[in-house]
Q: 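Input: one structure, supplied below.
Each chain gets a letter, A, B and so on, in the order its sequence line appears, and its residues count up from 1. Keep in mind that what you see is a predicted model, and the values were worked out from it rather than measured.
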Amino acid sequence: MTHTTSTWSPQVTDRVAPLLETVSTTSRSAVLVAGGYFDTAAGIGAFSLNSFALAQETGAAARRLHRGNKVLYDVIVNDLGMSCATDVCALPAAAGPAGIDLSPLTASAAGAGISFTVTRERNLRNRAARSMKRWLRDPAARPLFTREGDEIVFRSRQYEKVLAGVVTDGHVVPRCPLIVAEYFARYFARLRRAFPDCAHRHVVDINSLADRDKVTKGAEIYLRTHGTPEEEIVLVFADPSCVDPLALTYTAYDF
Amino acid sequence: MATIYLDHQATTPMDPAVAEAMTFAATHCYANPSSPHAAGIRAFREVERARGAVARFIGAGRSEICFTSGATEGNNLAIKGVVRPGAARHVVTTAVEHKSVLDTCRSLREAGHEVTVLPVDEEGRVDPGQVAAALRPDTALVSVMLANNEVATVQPVAEIGALTRAAGVPLHCDATQGVGSLPVDVAALGVDLLTFSGHKIYGPKGVGVLYVANRLSDRAPLVPLLHGGGQERGLRAGTLNTAAVIGLGAAVGVLATGREAEAVRLAGLRARFLSELADLVPYVLNSGTGPGFLPHAVNLSFPGVDAQQLLLEVADLAVSTGSACNSSAQEPSHVLRAIGLAPERIRGSVRISFGRFTTEADAATAARALAAVAAREPARSA
């Protein structure tokens, strides 16, 4: 997508302006802002609260850019107990606790007058696993993935190697990039369904700094396998304070 | 008198906007762009902006741009990366390519591959029909430059691209000399690989671009020359030269805004220079000055004059007697030989190229300075 904004609404703060740089001011856009991410094991902390506040500010600004813009909010919850690093990820046997206390986020949303959905990474993982199991039966259906021994590798155009999953005893254990791609697939589909008359769709995904590689890989997987010219992913990276977020924008054309 | 710099085919002075961008980069984007902290991501963002600017500039996708240390590395990587070790393959190139292409091909020949070096006509242009005739079932690559660094000839790359595409052979284009003054669109040219360097477009030295079409790398990824941290999709390991990359992005941005108008202005300067010179001293052109040649460059000889001696006598004027890269070789230019010039004419050849900061007064002054020395040189030689 190449639409750009030439003038900024005075209500758009310097903090969120870069996150919405490519949102049109002349035609309707559907925007999903994902903030408030937290790990069930650690609970809702500073990053979750501050990134949720940033999401709200971003969504409010997106609404002001065009009167027809539609905005949804989502909070991703890591209930996998997955630990991530730059180039490895490990899945411990035990997952997080069953009950999730969302009250700090609920209170924040109520204060802002918005509602939000919650996405559990376990659901995303299961959907991704089912999808890859279908791929195992028909690899030609998704030629961008290849099987290298037990590994399922995505043929990236920006990384030397992207591990999408591991096959164990006939089951696929999706790795982080595939789970992230599943997230984008789910939410772009939701935006398409909910707002078919919006010309553009954006997912603004606010992440911790450490998640950079996995979400960037996930964005590539989604955009190259399912992305359309109307869709754009804005990957936002921030420290726990979320004072100075950094935005990287990706479209299918970038790959 | 300040030096009049008329050697823009060797290198260009840095544009102030590039210097400013690099100063910003040096002080604000010093972190490793691969690092997983805010400073690293900020540097990464600026690198990706530069990558996007370069991609748009040549009509490519962002993922098709690989940053290198310059055109020499890019040419080596493009050629050796496609012609991988193993079964002997065949490469086609031309006699007027830059040494970084010809010497790379020579190294392939020494490794057991076959190389066909095609001749050029008296203007330095390769015949697309000859390229087509040279293709074989085992041809792995064709490498043809966009424009020549000594005689400014623009090659028919798009025609060659149509032929190589039809034959299923990858085409590499060293666009180092043309990218500053000619429109470059990788799709229109039909190239699979394209290289250029920053310092020929008023950017920094030590940085360059290798475009690799996704259709090529998806099918057969290039074999890297450098191994290590997996940077640049694993194609070119090593921490990115962030400041230089950002400077290159700025250089491309400046270039994109006024290239056509600047090409017209430079052609005007060249015409003024030649007109002034013609009134003062006899000379013969070794390069063309019309369509099919770079607008800012000219190669000429003064009859009976040794160009190296001439340059010793001309103060405050920076011009070249041949390819600067080759000027230490103490041998006649391979390009001028390839277009069939006699040794005496090669000995008297001077390469002059105008640039962004050249004024009309500079062009006229340079002509007078060269003419003054050239007019007395033959007598001295005799």
Side-chain angles (χ1 to χ4, degrees), chain A residues 1-2 4 18-19 21-22 47 84-88 143-146 153-163 206-217 219-221 223-224 227 229 232 234-255, chain B residues 28-29 31-56 58-67 81 186-187 210-224 226-238 240:
Chain A
M1 284 180 290
T2 56
T4 55
L19 283 59
E21 211 168 51
T22 51
F47 177 78
C84 300
T86 304
D87 53 4
V88 296
L144 295 181
F145 294 92
T146 55
V153 176
F154 177 74
R155 297 169 67 167
S156 174
R157 286 177 171 171
Q158 59 175 348
Y159 286 91
E160 191 172 17
K161 180 178 179 179
V162 172
L163 181 62
I206 304 171
N207 303 279
S208 70
L209 297 166
D211 287 342
R212 167 189 163 182
D213 281 312
K214 74 176 184 185
V215 296
T216 306
K217 290 171 180 175
E220 183 189 356
I221 292 175
L223 288 169
R224 287 185 60 205
E232 180 178 272
V234 182
L235 297 178
V236 181
F237 300 99
D239 65 12
S241 74
C242 294
V243 168
D244 187 19
L246 294 158
L248 299 171
T249 302
Y250 291 93
T251 67
Y253 184 73
D254 290 320
F255 304 106
Chain B
H28 291 79
C29 301
N32 188 326
S34 298
S35 294
H37 44 63
I41 294 174
R42 194 169 290 116
F44 175 78
R45 181 184 62 186
E46 297 307 316
V47 165
E48 290 309 299
R49 282 182 177 163
R51 198 186 304 277
V54 170
R56 285 191 298 278
I58 62 171
R62 203 158 70 179
S63 63
E64 296 177 307
I65 302 301
C66 171
F67 290 117
V186 290
L210 166 62
Y211 155 81
V212 188
N214 280 328
R215 64 177 173 274
L216 176 66
S217 52
D218 285 351
R219 195 173 70 236
L222 268 62
V223 177
L226 303 175
H227 301 84
Q231 289 90 347
E232 301 297 273
R233 295 168 70 179
L235 190 54
R236 202 267 181 180
L240 275 176

Q: Under a 4.5 Å heavy-atom cut-off, does chain B meet the side chain of A:Phe237, its backbone, both or neither?
A: side chain
Q: Tell me the closest heavy-atom pair linking A:Asn207 and A:Phe47, and the distance in Å.
A: C-CZ, 3.3 Å
Q: Pick from A:Leu246, A:Thr249, A:Leu248: which one has the most heavy-atom pairs with chain B under 4.5 Å?
A: A:Leu246
Q: Identify the residues of residues 210-217 of chain B whose heavy atoms come closer than 4.5 Å to a heavy atom of chain A, ordered by number, or report 'none'.
A: B:Asn214
Q: Please flag which part of A:Arg157 lies under 4.5 Å from any non-hydrogen atom of chain B: side chain, backbone, both or neither.
A: both
Q: Show, in sequence, the C-alpha distance, side-chain angles and deciding distance for B:Arg62 and A:Tyr253, and conclude whether the side chain to side chain contact (heavy atoms under 4.5 Å, CB included) test is met.
A: CA-CA 8 Å; B:Arg62 203 158 70 179; A:Tyr253 184 73; over 6 Å; no
Q: I need the residue from B:Gly40, B:Ser63, B:Gly234 with the largest number of non-hydrogen atom pairs under 4.5 Å to chain A.
A: B:Ser63
Q: Report the distance from atom CZ of B:Arg233 to atom SG of B:Cys66, rounding to the nearest 0.5 Å.
A: 8.5 Å
Q: Which heavy-atom pair separates A:Val234 from A:Leu19 by the least distance, and what is that distance?
A: CG1-O, 3.6 Å
Q: Is chain B contacted by the side chain of A:Asp239, its backbone, both, or neither, given a heavy-atom distance below 4.5 Å?
A: neither
Q: Residues two or more places apart in sequence or in another chain: which of them pass salt bridge (Lys or Arg N to Asp or Glu O under 4.0 Å) with A:Glu220?
A: A:Arg224
Q: For A:Ala238, is it the side chain, the backbone, both, or neither that has a heavy atom closer than 4.5 Å to a heavy atom of chain B?
A: neither
Q: With sequence neighbours left out, write down each residue that passes salt bridge (Lys or Arg N to Asp or Glu O under 4.0 Å) with B:Arg42, or none if nothing qualifies.
A: A:Asp244
Q: Donor-acceptor pairs under 3.5 angstrom involving side-chain atoms of residues 44-55 of chain B: please list them, not counting sequence neighbours.
A:
unit_1  : atom_1 : unit_2   : atom_2 : d
B:Glu46 : OE2    : B:Arg49  : NH1    : 3.1
B:Glu48 : OE1    : B:Arg51  : NE     : 3.2
B:Glu48 : OE2    : B:Arg51  : NE     : 3.0
B:Glu48 : OE2    : B:Arg51  : NH2    : 3.2
B:Arg51 : NH1    : B:Ile65  : O      : 2.7
B:Arg51 : NH1    : B:Glu232 : OE1    : 3.0
B:Arg51 : NH2    : B:Glu232 : OE2    : 2.9

Q: Centre of A:Phe154's six-membered ring, under 6.0 Å away, within 45 degrees of the axis: is that where NZ or CZ of A:Lys217 sits?
A: no
Q: Over all heavy atoms of both residues, which pair between B:His37 and B:Ala31 is shortest? Give the atoms and the distance, please.
A: CE1-CB, 4.0 Å
